[in-house]
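Model, not experiment: these values are computed from the prediction. In what follows, chains are A, B, ... by sequence order, proteins preceding strands, each numbered from 1.
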Amino acid sequence: MAQRRAASRHRAAQDPLGPRLARLVHDPLSPRVGKLARAGEPTLLKLVRNRRQVIIGLGAGVVATGAVGSAAAVLGGGDGISAALGDAATSTRTPREAGAFADRDASYTQSLGDSIDLGAAGLADTASAAAAAAAKAIPTSPNLLSRDPILHMLRRATFGPTRALVDAATKAGIDEWLEQQLAPATIDDPVAEKALEAFPTVRMTTAQIRRTVKEFDWQAQYELGQATLARQFWSNRQLFEVMVDFWSNHLNVTNPFDGGWDVRTSYDNDVIRKHALGTFSDMLKASARHPAMLRYLDNAASDRRSVNENYGRELLELHTVGIDGGYTEKDVRNSAYIMTGRTVSNDGQFRYEASRHWIDPVRVLGFKHPNPSRSKGLEVGEKYLSYLATHPSTAKNIARKLAVRFVCDTPPNGLVQRLADTYLAHGTAIAPVLRVLFRSKEFWIATGLKTRRPLENFVATARALGVAPGSDTRAGVEGLYWMTQRFGQAPLAWVPPNGYPDVAAAWRSAHATLAIWNAHRALVQGWERGLSYPKVEGLVGRRPATTGPYLDSLASRLVFQKVAAPHRKALLAFLSAKDGTAVRNGSLGGKVEHLAPLLLDSIYHALR
Amino acid sequence: MTVYRGSVPRPRTAAELARFGPTLPEAAIRVQAEAVAADLAAQRDAWRKGFTRRRVLAGAGAVGVASLANQLTTTRVAFGAPATTKRTLVVVFLRGGMDGLSVVVPRDDRNYLDARRGIAVPTGALVAGDARFGLHPGLAPLTPFWEAGKMAAVHAVASPDASRSHFQAQDCLERGAAATSVHTGFLDRVLEELGPGTTFRAIAEGSALPRSLVGGQSKLVLQGIRDFDLQAGGGMREKTLTALKALYTGVGDHPLGSQAAETLKSIATARRIAQSGFQSSVQWPGGGFADQLKDVARLIKAKVGLRVAAVDIGGWDMHTNIGGPDGGDMRNRLNELGGALAAFAGELGPALDDVTVVTMSEFGRRVEANGNSGTDHGHGGVMLLLGGGLDGGKVHGRWPGLAPGALDQGDLAGANDYRDVLSELLDARLGVKNWKKIFPDYERRKIGVFA
């Protein structure tokens, strides 16, 4: 009682669970509870049907979002999406057939993808050959971003170019740079490693976190989010970090959340990071027995007497085959049956409870198993997961998401198919798929076709400016983390299981745009203490004598290219100067700290 | 893609929706984009035939039309006749579990007086109210509104799915459902039903978005309208805004161009509101909550299309020393709540008729006082309502009483579902009738709190 009294005085999102609820969170489902629940006894239900998995939701700490799409919102709303439907003349499929299997895959992107012609298509022998071929072709969607292949590669394969990185990549050349990045263990990472020391829990096991962090406290989860930010800023293993981000969204387990207080860090290390450049099959199987996932999607509470379909459904819909896989509600049910028994012990470890496993023949899509034995239920699950991981719809699903991340919001079907085929041909291995992606001309012709989402914009800004660890790295990164909450994209914090949207239209928001413009000023002017912010006036290096060239130098430094004539004119007008106006001091009379953010606000930084 | 005119099929299942894109969010975006295009075309068609804009709006699925001639920003489209669009809903979440029995007090109730020995509010101290209940004197500033029929209460309200955990109970109330598969907040679904609007159609005061607003509809998180501004100091603000406008001209038809223009317009609107020399017509109390309500009032009076506002006030988790009618924690909290709400209502004046304020709290408190002159987490609580269209001056809802046999594990029973109140509100005041969509897995029961 006393602890509850003391603890519940504040209304912060970190309210610890009451002791009674806490015990139930960790208890396996009590049959009495289940029986009462089914009995429909309303008064007892109130006390007893507490969320044994206190999963989604952050109370007052939820991120501020702009206009972001959500599959869950779409689905939860039933027929809440209105449509004056476009003419689906390119496909003769009826809605009923939409539930079908196999060859229906193509019709998905057919109406979107095949008609998308970026200006170049096909596979070359090497990445640099593909880049050269694309350089000669004419993009169908020209834009203001430089088509320089090194810049393009860095904009897509990292969280943002830096001057040093451009030089290093130019020196190594496209092919070698990419191969280096695909072997992250061989890349030294001193700055990021040192910065991570400020977040000690990120290297801890679940057991260690349980000994270090106060029970139910979200400290380890906040550290994880902050460390993620630090890694995106400073790691040299950039492509690896991009893939960690990609998979964290695909197999989303929100951070922070109540059920993750002890286990979420391990999820990041042992499921995502361990397999990000490995095989999807391994990653999927690891996620299917990780306490964080099992709590997040209710599987830890699922039991053969009271099956919870949440995980079984999302496994099909989001993690593997997707709606396109054509599964039915019956498949969802069976999927949930197969997964019963996988639960979490009282000390946050995975446990398979044979007594909770549903037995009798199961069937999901093309997967069938007699499933006769409770003690062997785990193996049935493993076979099922193998089936799902290697399903052509899964291949297509993942291929498309990769193409959306790396190429453009509506990627051509030829590219997607090529990636899917590679995925299957290599036993769900990820690195080969990435190699084929970089050898594809579609990748290289798509310069400037992606819009940076708020977090990407933010990290690219910090990288371009050269923000570095400082006297109090922890406090500094923490401050920036709270800033990312303001514009609605704190790392790992997307609440539903479908991950942050990856298309520009989902991020249209006056609020988010304003917040990111303000964040540019905060970073340029170094408002947050603790990190080391380079002096703005030092950004141009050797100071040109006149304003025009100064502006060009600053642009080259921050957005890595020249800006178009009308924009250049606008910026000179902002400085109340002309091209030839002499530069008297490095700070342009104090104006450079307002000029630099403008360059970052511009479309040259907003696109990637 | 050619565009359908007239009645068009729309995706009814996820499978149908999924045909339009590789993932559901993208399919939704695509479908909506086509909806906008088709509707604009239909609208142009209608106008050519001599329809007025009003009639087009009154038809089904008015999508791309900016009814307030301001910026249009929603990326989601709601099907169905648009609701009455000039009213505003203000949801005040009392975080911590407000003790309904101390706020709307049963008169001369033996069970109450016995259970709350030491902390009961004596009947003689009560203000306003009706035959059965009186209000805690801390709410005295609201008495005029109660007596004018502009305020009402519903007692013994709860969610059947709420436990005694702050977090879980808040979460399920704000999502409007128990099922964890419901990811959006209920207010987000309300916004979807309301249809498109202006940049300022949904705001949350504070620094974070409340769970009830989480979802795909566009909304703003404001820390005061004054702070919704470009933070360019040193006298460079105007020049910066000019430069930004120029930087996003000459980008072809790139969507970032219109997005930037939209943002600049909202900043300008916010600035105009912030600078409009807002003269309060009433005396406002101090404090963060009052400031936030003042902001909301200001936005309502500025007529920028505000439909839904969410404000939080904490400090209700009174496990110890709740105090008495003349002083103490409860009196202080109610002073703050009542004072701010009264100022809000006064500020709006006649505009109050188009506004409804509703308070929610995750649960009430236990009937029996604890050993520290306070109460612990309970179940049934109170919802207060303020605004137009009420059957006011009364306490509504089924009252189960406080006899030991009527209690739920020692708590006031949840004889009324909080969604009964909200669905009635949405229907009567905002014209949102599709309550099944807002509250899945819920069967509606009438309360009768709206006239």
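Interface remark: B/Thr242 contributes no atoms to any contact with chain A (heavy atom separation under 4.5 Å). Contact of B/Phe228 with chain A is made through backbone and side chain together, with heavy-atom distances under 4.5 Å. Neither the backbone nor the side chain of A/Ser141 comes within less than 4.5 Å of any heavy atom in chain B. For a residue to count as touching a neighbouring chain, one of its non-hydrogen atoms must lie under 4.5 Å from one of that chain's; by this rule B/Ala169 does not touch chain A. With a 4.5 Å cut-off on non-hydrogen atoms, A/Glu309 does not touch chain B at all. Only the backbone of B/Thr249 comes within less than 4.5 Å of a heavy atom in chain A; its side chain stays farther off. With a threshold of 4.5 angstrom between heavy atoms, A/Leu144 approaches chain B through side-chain atoms but not through N, CA, C or O. Interface residue A/Leu598: backbone and side-chain heavy atoms are both found under 4.5 Å from chain B. B/Asp229 touches chain A through its backbone: at least one of N, CA, C or O sits under 4.5 Å from a heavy atom, while the side chain does not. The contact between A/Ser602 and chain B is made by backbone and side chain atoms together, counting heavy-atom distances below 4.5 Å. For B/Leu230, the parts lying near chain A are the backbone and the side chain together; criterion is any non-hydrogen pair under 4.5 Å.
A salt bridge links A/Asp601 with A/Arg521: the closest approach of a Lys/Arg side-chain nitrogen to an acidic carboxylate oxygen falls below 4.0 angstrom. With respect to the salt-bridge test (charged N to carboxylate O, under 4.0 angstrom), the residues B/Glu362 and B/Arg95 do not qualify.
Taking 4.5 Å as the limit, every side-chain heavy atom of B/Ile313 sits out of range of all side-chain heavy atoms of B/Phe93.
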Practice item. Begin with the C-alpha distance, continue with both residues' side-chain angles, and end with the deciding distance and a verdict on ring pair (Phe, Tyr, Trp, His ring centres under 6.0 Å) for A/Phe574 and A/His594. Key: CA-CA 9 Å; A/Phe574 171 79; A/His594 300 281; 7.1 Å; no
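The minimum heavy-atom distance between A/Gln525 and A/Pro597, with the atom names listed, is NE2-CG, 4.4 Å. Across all their heavy atoms, B/Tyr248 and A/Ala606 have their closest contact at OH-CB, 3.8 Å.
The six-membered or imidazole ring of B/His377 lies near that of B/Phe363, with a centre-to-centre distance under 6.0 Å.
Heavy atoms from other residues, nucleotides or ligands lying under 6.0 Å from NZ of B/Lys239 number more than 12.
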